Structures are given as structure tokens and as C-alpha cells.
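In what follows, a single structure is set out as C-alpha cells and then discussed.
These numbers were taken from a predicted model, which means no experiment stands behind them. As the structure lists them, so they are numbered: ligands from 1, and atoms in each ligand from 1. Residue indices begin at 1 and follow the sequence shown.
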Amino acid sequence: MKLIKALLLSALVLFANLAIAGEGMWLPLLLKALNEAEMQSMGMKMTAEDIYSVNKGSLKDAIVHFNGGCTSEIISNQGLLLTNHHCGYGQIQSHSSLENNYLKNGFWAMSQAEELANPNLSATFIVRIEDISKKILSGVTDDMATKDRQSVIDKNIEALKASTKLAKHEEMSIKPFYKGNQYFMFVTMTYRDVRLVGAPPESIGKFGSDTDNWVWPRHTGDFALFRIYAGKDNMPADYSEDNVPYKPKHSLPISLDGVAEDDFTLVFGFPGRTNQYLPSFAVEQIVDVLNPAKIGIRDRALKIVDAEMRADEEVRIQYASKFARIANYWKKWIGESQGLKSTKGIAKKKAFEKDFLKKVKNDRMASGKYGNILSDFEKLYKEIEPYAHARDYYSEVFSRNIELLQVTSYLNRLVKLYEENGEEGYNSFKGRLAPFLQRLYKNYRPSIDQKVFAALTEMYAKDVGDAYLSDMFKKELASAGNDYSKLASSIYGNTMITNGRKMMSLFEEAPADAVKKLKEDPAFLFGKSMADVYNEKVSKKYNELNTEISDLQRQYMKALIEIFPDERFYPDANSTMRVTYGKVNGYEPKDAVYYQPVTYLSGVMQKYVPGDYEFDVPKKLLELYDKKDYGQYADNGKMPVCFIGSNHTTGGNSGSPAIDAHGNLIGLNFDRVWEGTMSDINYDASICRNIMVDARYILFIIDKYAGAGHLIKEMNLVHPKKKK
Ligand code: ARG
Ligand code: GLU
């Protein structure tokens, strides 16, 4: 492939003028060609083959996609799995109640028999990755219309799926890379019996909570332990008491030697989504229009829920997980916008684009093919702006923050399936929907949701505008005397959808009767009326324009690779397995301030606020600190807690292992620093840092705090720096 050749070539040139170490999320199977030499020059003692191999056990065999969202890794030969506390949060919460409050007090299985099963939790291994670009793009030409191009690709994908032989339990997925200029196939194997083994109390695992989230210096022990169970044949199996701990191909040794500034680090995991190659127009829109809209909505919703959580411990347990999820990206977007401004991200993109245009214009061939890309982008982004704004607003208000309307949108789909495919369609979706709703109602307070409804529907009407309101919205609002609280109480007072018990018994009824009742429900009708308006006035147009933008983005990517043959481009994250590497490094967040790369337990004590909901410290940890009882986990008498590095990570890298030059676990990735959260759009090596918990803190908590020494015995603890 021309592209691969271009990449190879650019890699060679690159080592001459060494790029900013740290940037890039690389495909494990291309490390040899693109990265190995640079990694070794940065101190890595491994080969690319040690990291990713299909012929022998390699690091990749210990890296596990945790429930499709986070990353986790195998740390013992009995399938012990390490990930973040915030990744296992839903599971820890689901086993918690006021009597058995594992969020508050932590949970430790003292034997395998005590480990807790988690229905619906999955753990996925990558068996192998293949470059299938040739096959998927065969028959595709440059001058093809987008639709024709896609239909050729779809056919090729079908053909490849039909002809690929998979072993039992193997599954495959095919994903586009470099905006559709390349395709890779992932063969996976997914385990379905994954049990909770241990979790520290929130006062350790979520220490600093939302105040410290996305912030350095950090002092959170954000980890939890699970275990993969398999059938007797070591293969995936549904939960059963007869299942046995999974025997891995590789498990990560854990280093007791810690890190020092400038040490090589590698982070291996499943980054979700980045947008590194957006044109400046798109970034301007994010900073000026989309982020402020989303931030504003969540601001309102979070204030309402926060007040309720602080007033009632049971509400706090019920809403903790939802609140953390909403607050997380709310805060990230704020940091992202700030970072783009402070690093002049847009100006840099503009300068780059100028350079691009100049190069394109100097080349007759390129000028014909790529000369209009940027002006087309500008036009399209202008055109899509109102739709993109309405779309973000709609999805934040109607499918996320107002839970009642999130539910009605599912019910809307249920009714539609009934109307299109009869009882069969209804029942197949109901089978999935009912258990989902049952879990949702367990943590649902209509009175809180009603307040959110009143606040957010008002914002929607004011900011998105009359043209996007349904007739029912306007009518109901008018009869409520234009008072959104009254509108909310009329909807919430007359719907059955806020009532979990009623809804579960509705699902027992014959589909025709249930559908009839739903279609008379005021909340259902309200939600449906808004969805109809949205589909007609926003999403149709948005999708049309967005298809054009994606196509342009594909051409832009292709152009970049051609026009800048000396640059080494990496594909945007797309929830596939990636390697990123950098060094342990502090940074300068502002003038005259330098942030050291390592934090210690003494910093936890500096932040300690007795009884506080974010900064309390468990008594046992205070005692261990007072006695300096750190066992073999101390670093010169001090207990390290977190460290940062220049590894390029994003959401989905949570729970990813930080690995040293030799392949040992040294930390657990869980966050990025506030100043650098714009790395998803414009990585800047000066301030982009990922945050990891020090492996020694994890071991110390398991061993000294929880007294779960039996887990430590399973692990392989090593001293790579103390070579004899
Ligand atoms: N910011 C980290 C991530 O994106 C941690 C989120 C969980 N912690 C929290 N306080 N909400 O996932
Ligand atoms: N906390 C994030 C996650 O859940 C990782 C941090 C980031 O976005 O970099 O994946």
C-alpha cells in the first residue's frame, strides 16, 4: 500500500528530527515499522515483538477491554484483573446498599468463593489484528461518489466476513482508520463471567472526587480488582459456579522499583475517540458554540442533583454513578476549551492550514485534487452549525439529563417496533429493555428528575428556539401559564412512566394493550412529539451535512499524508487497541509554577477534611501514615500515590496499564491533567500529561490497608532496577 510506504518513509525521516515524544496512539501491529526505534531510543528495552505478537505470548495478551469502555490488565496467572475504581463503579454500586455499603467502606473478597458475580460484565481479549485495507478498498476509486464508495466497501466487508475462518468463541470486527483511508480487522474473544474481587473505599478510590477530577497534583487510589472466570476448557462461558479462574497467556509482572523523572513509560489500552485532524473551523465551533452549550446544560442539571445528594445519603448512593458520569465530561469540556485557548490551538491549526494550502498550490496535481478542501470545510461547518448546536442540545436535554425522556425515547422505539414488526419486534426489544429499565428505576427519584425537567426544558426553549419545539410542547406550556415548573408537574403528575412497578407490570400485558396505554401517556406523547420534530428538522439535515464533512475529512487525511511525507501521522482513536509512549515528566501549568511528576501520601493528608464527602480519609489509612507502615512499598521512606507522564491518552484508556522499559506494570492510568484535556483535539507536549496511580500504592492498599495479602501472593512482584 502506498500509504504504508509513505508512513514507513516518514518514520525514517522522523528519527532524524525526532518528533515530540509522547504524541500518538499507535497500532500495536505497526510498532515495528513506525515506532520501535524511537521507543528504544527513549529507553525501552523491549522489542515490538515483545509488545505485540501473534506467534508467542506478548504484552497484548494481558490487555483486556473492560466491558467495551475501559481498559484492564491481567496481573496474575489466575486471571486477576486490574482496572480503575471508576470503571468498576457501576458493579461496586450494584452490590451496595445502605447496610452493605461497598462504595463507602470498600469490598475485599477474602477467598475466591466470596468474589461477586456481575451479570452483563464482559472482558475482551484481542486475538489478532490484520491490515485488510487492500481487500476492503478493492474496486474503490478516487472519483467515486460517496454513496457508491460506501456500497463497494460494504460489499467487500461482507465478503471478507463470510470468507474469514474464526475459531470457536472468536468474533471479528472491521474498523476504518485514517478517516476511512485504511481498514483493520480485529479478532477478539470475550469472557462473560467477570467477578468483583476488591475495591477500596471511595475515600481512597475516588479521593478528591469531582473537585480533583482532571486535576494535578492528584491523590486518588483509583483502582479495583476483578477476576475472569472461564469454563473448564479455559474458554468463555456464562456465569456458573463450576467456572474456574482464567489461565492467561501473559500476566504483567509488577515492579516494586517505581518511577523517576524521565523514565520511559508505555500505556497500552483502548482509547475511545479523538479528533486530531479537524480543520480550524471545526475547532472554533467546538470552543465557541458546542462546548459552551453542553457545559451550560450540565451546569444546571448538576447543581440540582448535587443539592439533593448532599441532603440525603440514600440519594447520594443512588445518584453517585450517574452524577460522576455527567460531571466528568462537563468538567472535561471546560478544561478542553481553556486549553485550546491557552495553547492557541486554533491559531496553530490556522498556521498549519496556511502551510498546507501553500504546498498544495505549488503542486499542480495536488492543487486540482485538494485545492478546495479547506474552503469546502469552512462552508460546510458554517452550514452545519445551527444543526450541530440543536443536536447537542437535544441529546443533552432529551436523551441524557432528563431521565424520564431518556426512557420515553426507548419506549418510542418499542412502540415503533410493534407497529413495524408486530409482537415479534416488540418482544425482542422488550427482552432487553425491561431489565435495563429495572436497573434504572432502582436508582430513580421522579421528584429530582422533575426539577431537572423544569430547568432544562426551559433552557431548550430559550436557547434552541421556537422553531424546534413541538406543538404539544407549546400547547402544554401555554396551558401551564408559561411556567416550566407547572409544565413539569403536569407531565410528572399524570404519567405512569416514572413508576417502575407500574412499568414492569405493563410489560406483563399483551403487547397491543401495553402499546395502547403508552400511546395515551402524556410523558410518552411529549417525548415522542419532540423526537419527531428533532428528526424532521435537525437530524436529517445534520446527517446529510455530516456525511459530506466526513467525506471531506477522509480526503483531507489522504492529502495530509501525501503533502507532508516527513510527518508521521497516527490514526484517531476509535476504541481499538493502541500503544502510546512517553516519559515520566512534570510540567509548567503557568508562569513560575512547575508541577513535580510524583505525589505522595503526605499530600493526601494535606487535603484531608474529616467527614467531608470528597476529602475524608479512612481511619486505617491515617494510622498507617502515622506509623509510616508502608512495608516493601515505600520509596525512600515515603509512600508514592500518583505520577504523570507524556503519554497520549483519552477516555477509554482508563484502567490502562503503565508499563516500564522492561514490560512490568508500574502504574494504572486513570486521568489527564486539567490544562491538557484538549489533547483529544490538539495534543501539545508542553502541558499534556496522563495521570496514573503508582502500582506500589495499589499494592500497599491491598496488602497493608485491606489485609488481602492472599492477592499479593498471586502476583509476580519484581525489582527491574536492582539488577544484580
Ligand atoms: N476523569 C477521569 C475519566 O475521564 C475519571 C472519571 C471518574 N472520576 C470522577 N470523579 N468522576 O474517566
Ligand atoms: N478517565 C478516563 C477514562 O475513563 C481516562 C482519562 C482520559 O480521558 O484521559 O477513560
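Under 4.0 Å from ligand 2, not a single heavy atom of F270 appears. Within the 4.0 Å heavy-atom criterion, the part of N653 lying near ligand 2 is the backbone and not the side chain. When non-hydrogen atoms are compared, ligand 1 lies under 4.0 Å from the side chain of S654 (C-beta onward) but not from its backbone.
Among all protein heavy atoms, the one lying closest to atom 7 (C) of ligand 2 is R672 NE, 3.2 Å. Of all protein heavy atoms, the one closest to atom 2 (C) of ligand 2 is S654 OG, 2.7 Å. The closest protein non-hydrogen atom to atom 6 (C) of ligand 2 is D671 CA, 3.5 Å. Atom 2 (C) of ligand 1 has its closest protein heavy atom at D671 OD1, 3.3 Å. Distance from atom 11 (N) of ligand 1 to its nearest protein heavy atom, with residue and atom name: D210 OD1, 3.4 Å. For atom 12 (O) of ligand 1, the closest heavy atom belonging to the protein is H86 NE2, 3.0 Å.
Considering backbone and side-chain atoms together, Y329 places no N or O closer than 3.5 Å to any N or O of ligand 1. Polar contact check, N328 against ligand 1: a nitrogen or oxygen pair lies under 3.5 Å apart.
At a 4.0 Å cut-off, at least one heavy atom of S209 sits close enough to ligand 1 to count as contact. Between H86 and ligand 2 there is a heavy-atom distance shorter than 4.0 Å. Put simply, no part of G651 is less than 4.0 Å from ligand 1, judged by heavy atoms.
Close approach of ligand 2 to W214 is summarised as follows: ligand atoms under 4.0 Å from at least one heavy atom of the residue are 7 (C), 8 (O). Of all atoms in ligand 2, numbered sequentially from 1 with element shown, those under 4.0 Å from a heavy atom of G652 are 3 (C), 10 (O). Near F670, meaning under 4.0 Å from one of its heavy atoms, ligand 2 places the atoms 1 (N), 2 (C), 5 (C), 6 (C). Against a heavy-atom cut-off of under 4.0 Å, A324 is close to the following atoms of ligand 1: 11 (N).
Ring-plane geometry between H648 and Y683 is classed as tilted, the angle between the planes lying from 30 to 60 degrees on a 0 to 90 degree scale. Ring-plane geometry between Y89 and H85 is classed as perpendicular, the angle between the planes exceeding 60 degrees on a 0 to 90 degree scale with a lower cut at 30. Aromatic ring orientation, F125 versus Y246: tilted (interplanar angle from 30° to 60°). Relative orientation of the H65 and F270 rings is parallel, given thresholds of 30° and 60° on the angle between their planes.
Nearest heavy atoms, D210 versus A327: OD1-CB, 3.8 Å. Across all their heavy atoms, I126 and K60 have their closest contact at O-CE, 3.2 Å.
Checking side-chain atoms of D694 against main-chain N and O of R696 turns up a donor-acceptor pair under 3.5 Å. Between the side chain of E284 and the main chain of P279, no donor-acceptor pair closer than 3.5 Å is present.
Considering N669, N653, V215, N213 only, the shortest heavy-atom separation from atom 9 (C) of ligand 1 involves N213.
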Stepwise, does the ring pair (Phe, Tyr, Trp, His ring centres under 6.0 Å) test hold for Y394 with F398?
CA-CA 5 Å; Y394 181 85; F398 289 89; 5.1 Å; yes

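For the pair K349 and F352, the NZ or CZ position fails the cation-pi test of under 6.0 Å to the six-membered ring centre and within 45 degrees of the ring normal.
At a threshold of 4.5 Å between non-hydrogen side-chain atoms, the residues S646 and E23 do not count as touching. Using a 4.5 Å cut-off on side-chain heavy atoms (C-beta onward), F700 and M639 make contact.
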